[in-house]
Every structure is written in C-alpha cells, then in structure tokens.
**Q** 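Pasting a structure here, questions to come.
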Protein chains: 2
Amino acid sequence: MHSQKKLSKQLRRHGYRLTQQRRAILQALAQSHEYLTSADILDRAKALGFDLGLTTVYRTMDALADLGLVKRIHLEDGCHRYALASQGHRHYVVCPDCSRTVEFEGCDLGFLFQQVSQSTGFAIQDHWLELFGRCPQCQGVG
Amino acid sequence: MHSQKKLSKQLRRHGYRLTQQRRAILQALAQSHEYLTSADILDRAKALGFDLGLTTVYRTMDALADLGLVKRIHLEDGCHRYALASQGHRHYVVCPDCSRTVEFEGCDLGFLFQQVSQSTGFAIQDHWLELFGRCPQCQGVG
DNA sequence: TGTTTGTTGAAAACAATTTTCAACTATCAA
DNA sequence: TTGATAGTTGAAAATTGTTTTCAACAAACA
Ligand SMILES: [Mn+2]
Ligand SMILES: [Mn+2]
Ligand SMILES: [Zn+2]
Ligand SMILES: [Zn+2]
C-alpha cells in the first residue's frame, strides 16, 4: 500500500502540482479499500471537509491512472471504478450484483500473448482480464 | 457460421417475432466479417434497402446477445461492437487505432477460474479477456 | 513577493444508450 | 381470410458518464 506521502511525491515528480483537491482525492482513496466511482470519490472527499468538483475528480483519476497509481476497472455498462493500485500485476473479480471487487494475482498470460501475436500479427500492448461472479454476500453465503 | 435462416429460427424459437427490421439486421451482420457498432449496422441495413431506426438496432442486438447469437466486444471508451458469434469460445485482439478485431481461441482459463473461485469465494459466471495491440495495417507492416 | 503556468469548476457540450408512448404489424385462433 | 392480441417499432425526449470551455484561481519557484 502506497502511503499518501509517496503518492504525492510521485505526482510532483511527474510535474503535477499538489493541490488541495488532489490531496483530498488521495486521502479519500487511501481510506477506502473498495473500488469507487468518480462520484463516490467526490462524495468521500467532500465528507472529509474538502471542496472540489466532479470535473477535477475525473481529471485527477486520469492522471493517477496514467502514472499507474490507481487501477481502473471497466464495468458492463461502460462506467469505471478506481482504487489505489497495489503492488504488481493484478486482475479483478467483480460482482455483477453489488460491484464488490476483489483482486487476484498469479495469472501469467505471457505465453498466450506470444502465441496470439504470432498468429494474428497484432503487436500486443495491453490486456483486460476481468472475471465476473456473485460475491459471497450476494450469494447469501457470506 | 450460422446461416440467416438458422438465426431467424432461433429468434422465433425464443418467442421473438420475425420482423423486417430484424431480417435487415441479420442480413447486414451476415455480410460483414468485421465487428460493427450499432450505427454501422444501421447504415448497412439501410444500404440493403431496408428502413429501420437505431433504437431497433440496439434492442435487437440486446436480444441477439442474450441468445448468444452475437458477440459483443467492449471498447476502452465504453462503447460496443458486435459480430455474429462463431462456434466455440473465443476471445479478441482489438487494435486501439482502428478497432480492427481478430478472434483467437485456444485459451483455457478454467484452471484460473477454479483457483480464483476458491480463493475469493466469488462464483465465477463470466469473464472478459481482450487483448489490445496495433494491427498489421496500423503498424505499416500489412 | 511577484510572475508564470498549471489547475479548477460551473456550465455547456458530447456521445452512447435507454425510455416513452402512440402507431403499427407479425402471429395465431377462429 | 380475418380479426383480435400482444409484441414491435421509431421519433423524440431523457439519461448517464464523461469531456470541453474558459475565465478565475493558486501552486511553485526565482
Ligand atoms: Mn494479466
Ligand atoms: Mn461494455
Ligand atoms: Zn455482490
Ligand atoms: Zn489497426
């Protein structure tokens, strides 16, 4: 888990200014272990006593995603959620009922990429792997 | 490749009426081997001499996707493209520059699903695996 | 403490998709 | 063949997530 201080330094290192709004967003993200929509992040940052707008949340999430400091997940309806990125390469299981999201690792697709690259001629640059399934709570098991 | 007749039967079998508009859409899809947006499908169906609206394309693609007769791919910006579903389980490589899409198979994630299911408690129902990379044409190799 | 230049946010614009609802038509029973 | 029935259509309006605009603002740095 990145500390807020480290994240701030990363922003500065890449030429971004450290504004009140960005502090607010980092603080809101740091306090939540769930994946949040931009609107969620706005709400939480405001609840923390900061004043900022939704536009700024979008812009900041773009910046943080570009730097790899947050992970963005893609939902069925096309909208996004974000959480601070943890170490290493991870993927996600998303509950279609409640959007609860859990990370997993240990997925090595390197061989697949090479194979696809060879058979299609496409120069593989990126990938999405997301699993969907009902979480324990929504199964009534939790 | 499903023939248009088979697709029509599938629709009827599931209680859908076989309208001119749906015929138009099936015909447009059958003629293209690319993944098309809803607007693309509308254009092609019209070019075939039919008259229909975009709303109907959306509704029809929903129905066809529910029946598994078309595959829907998810693009970075949240919009979708469709093509008639081919046999078996396939995934896609999408060119971020021109959206050209190629299928590939031979990716077995069953083991991964089981592992994730066990470690997270989520009941895996579905997954997205999409690779992104520049196509031969966009690489200037083509 | 000024100057520079990145940043902000309200409001408007966008784009894909969905909803509304009255007119229409495929289907089927008679 | 012909109604009756219930699914289907589409223009227009509404929604929704997100981006753009642009003038006011505020970090950062000398
Ligand atoms: Mn991976
Ligand atoms: Mn999608
Ligand atoms: Zn759930
Ligand atoms: Zn391309």
Side-chain angles (χ1 to χ4, degrees), chain A residues 4-5 7-28 35-43 45-46 48-67 69-70 72-82 94 99, chain B residues 4-5 7-28 35-43 45-46 48-67 69-70 72-82 94 99:
Chain A
Q4 215 175 145
K5 211 158 233 172
L7 293 167
S8 304
K9 273 188 186 163
Q10 285 287 331
L11 280 176
R12 290 262 53 223
R13 183 164 305 138
H14 287 269
Y16 291 95
R17 291 185 183 174
L18 199 47
T19 63
Q20 285 310 307
Q21 291 87 340
R22 286 173 180 162
R23 279 181 224 278
I25 289 168
L26 290 179
Q27 195 170 318
Y35 276 77
L36 305 173
T37 62
S38 292
D40 290 337
I41 296 168
L42 178 69
D43 290 345
K46 280 186 171 171
L48 251 30
F50 293 90
D51 192 21
L52 73 173
L54 186 55
T55 310
T56 296
V57 177
Y58 277 108
R59 283 192 282 231
T60 302
M61 297 324 290
D62 268 355
L64 293 173
D66 280 350
L67 298 183
L69 302 178
V70 302
R72 166 192 279 142
I73 63 171
H74 306 264
L75 300 177
E76 181 59 49
D77 57 9
C79 73
H80 296 130
R81 285 172 176 257
Y82 308 84
V94 183
S99 290
Chain B
Q4 217 173 221
K5 212 158 236 172
L7 294 168
S8 305
K9 273 189 185 161
Q10 286 288 329
L11 278 176
R12 291 262 50 224
R13 182 164 307 137
H14 287 269
Y16 292 95
R17 291 187 183 172
L18 200 47
T19 63
Q20 287 309 307
Q21 291 86 342
R22 286 174 181 162
R23 279 181 224 278
I25 289 166
L26 289 179
Q27 196 170 317
Y35 277 77
L36 305 174
T37 62
S38 292
D40 290 338
I41 296 168
L42 178 68
D43 290 345
K46 281 188 170 168
L48 252 28
F50 293 90
D51 192 20
L52 73 172
L54 185 55
T55 309
T56 297
V57 178
Y58 277 109
R59 284 192 281 231
T60 301
M61 298 322 290
D62 268 355
L64 294 172
D66 280 351
L67 299 183
L69 302 177
V70 302
R72 167 192 277 142
I73 62 172
H74 306 266
L75 300 177
E76 181 62 48
D77 56 10
C79 73
H80 297 130
R81 285 172 177 256
Y82 307 85
V94 184
S99 290

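Below, read A as the first sequence line, B as the second, and so on, with proteins coming before strands; counting in each chain starts at 1.
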**Q** Starting at atom CD of B/Gln21, determine the distance to atom P of C/dA23, rounded to an integer number of angstrom.
**A**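 So the two atoms are 18 Å apart, to the nearest Å.
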**Q** Give me the atom names and distance for the closest heavy-atom approach of A/Ala45 to A/Ala28.
**A** N-CB, 3.9 Å
**Q** Identify the 5'-most and 3'-most nucleotides of DNA chain D with at least one atom closer than 4.0 Å to a non-hydrogen atom of chain B.
**A**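 First and last nucleotides in contact are D/dA6 to D/dA12.
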**Q** Taking CG from A/Leu42 and P from C/dT8, how many angstroms apart are they, rounded to a whole number?
**A** 13 Å
**Q** On a heavy-atom basis, which atom in B/Ile41 and which in B/Ile25 lie closest, and how many Å separate them?
**A**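 In this case the closest contact between B/Ile41 and B/Ile25 is CG2-CG2, 4.0 Å.
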**Q** To the nearest 0.5 angstrom, please state how far the NE2 atom of B/His74 sits from the CD atom of A/Glu76.
**A** 4.5 Å
**Q** Output the rounded distance in Å from CZ (A/Arg23) to P (C/dT7).
**A** 14 Å
**Q** Students often get this wrong, so: under 4.0 angstrom with heavy atoms, is A/Arg12 touching a base, only sugar-phosphate, or nothing?
**A** sugar-phosphate
**Q** Could you walk me through whether A/Leu75 and A/Thr37 pass side-chain contact (heavy atoms from CB on, under 4.5 Å), step by step?
**A** CA-CA 10 Å; A/Leu75 300 177; A/Thr37 62; 5.7 Å; no
**Q** Taking the nucleotide of DNA chain C with the closest heavy atom to each, which residue, B/Gln20 or B/Asp77, is nearer the 5' end?
**A**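 The residue closer to the strand's 5' end, by nearest nucleotide, is B/Asp77.
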**Q** Quick one: side chains of residues 12-19 of chain B, donor-acceptor pairs under 3.5 Å with protein atoms, not counting sequence neighbours, listed by atom name and distance.
**A**
unit_1: B/Arg12; atom_1: NE; unit_2: B/Tyr16; atom_2: O; d: 3.1
unit_1: B/Thr19; atom_1: OG1; unit_2: B/Arg22; atom_2: N; d: 3.2

**Q** Through what angle, rounded to 10 degrees, does the axis of the helix from C/dT1-D/dA30 to C/dA30-D/dT1 turn between its ends, using five pairs per end?
**A**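 That helix has its two terminal axes inclined by roughly 30°.
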**Q** How close do A/Leu42 and A/Leu52 get, counting heavy atoms only, and between which atoms?
**A** CD1-O, 3.5 Å
**Q** If you compare all heavy atoms of B/Leu48 against all heavy atoms of B/Gln27, which two are closest, and at what distance to 0.1 Å?
**A**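 Scanning both residues completely, I find the closest heavy atoms to be CG-NE2, 3.6 Å.
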**Q** Measure the distance from CZ on B/Arg22 to C1' on C/dT27 and round it to the nearest whole Å.
**A** 13 Å
**Q** Measuring to OP1 and OP2 of C/dA16, would you say a side-chain N or O of B/Ser38 lies under 4.0 angstrom away?
**A**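 No.
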**Q** Residues of residues 51-62 of chain B with any non-hydrogen atom less than 4.0 angstrom from an atom of DNA chain C: list those, numerically ordered, please.
**A** B/Thr55, B/Tyr58, B/Arg59
**Q** Taking atom P of C/dT25 as reference, at what distance in whole Å does atom OH of B/Tyr16 sit?
**A**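 Whole-Å distance recorded here is 21 Å.
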**Q** Run the numbers on B/Leu36 and B/Arg81 for side-chain contact (heavy atoms from CB on, under 4.5 Å), then give the verdict.
**A** CA-CA 5 Å; B/Leu36 305 174; B/Arg81 285 172 177 256; 5.6 Å; no
**Q** Pick out the pairs of N or O atoms, protein on one side and nucleotides 2-5 of chain C on the other, that lie under 3.5 Å.
**A**
unit_1: C/dT5; atom_1: O2; unit_2: A/Arg17; atom_2: NH1; d: 3.0
unit_1: C/dT5; atom_1: O2; unit_2: A/Arg17; atom_2: NH2; d: 2.9

**Q** Counting only pairs under 3.5 Å, give me each side-chain donor-acceptor contact of residues 58-67 of chain A, with atom names and distances, residues two or more places apart or in other chains.
**A**
unit_1: A/Thr60; atom_1: OG1; unit_2: A/Thr56; atom_2: O; d: 2.8
unit_1: A/Asp62; atom_1: OD1; unit_2: A/Arg72; atom_2: NH2; d: 2.8

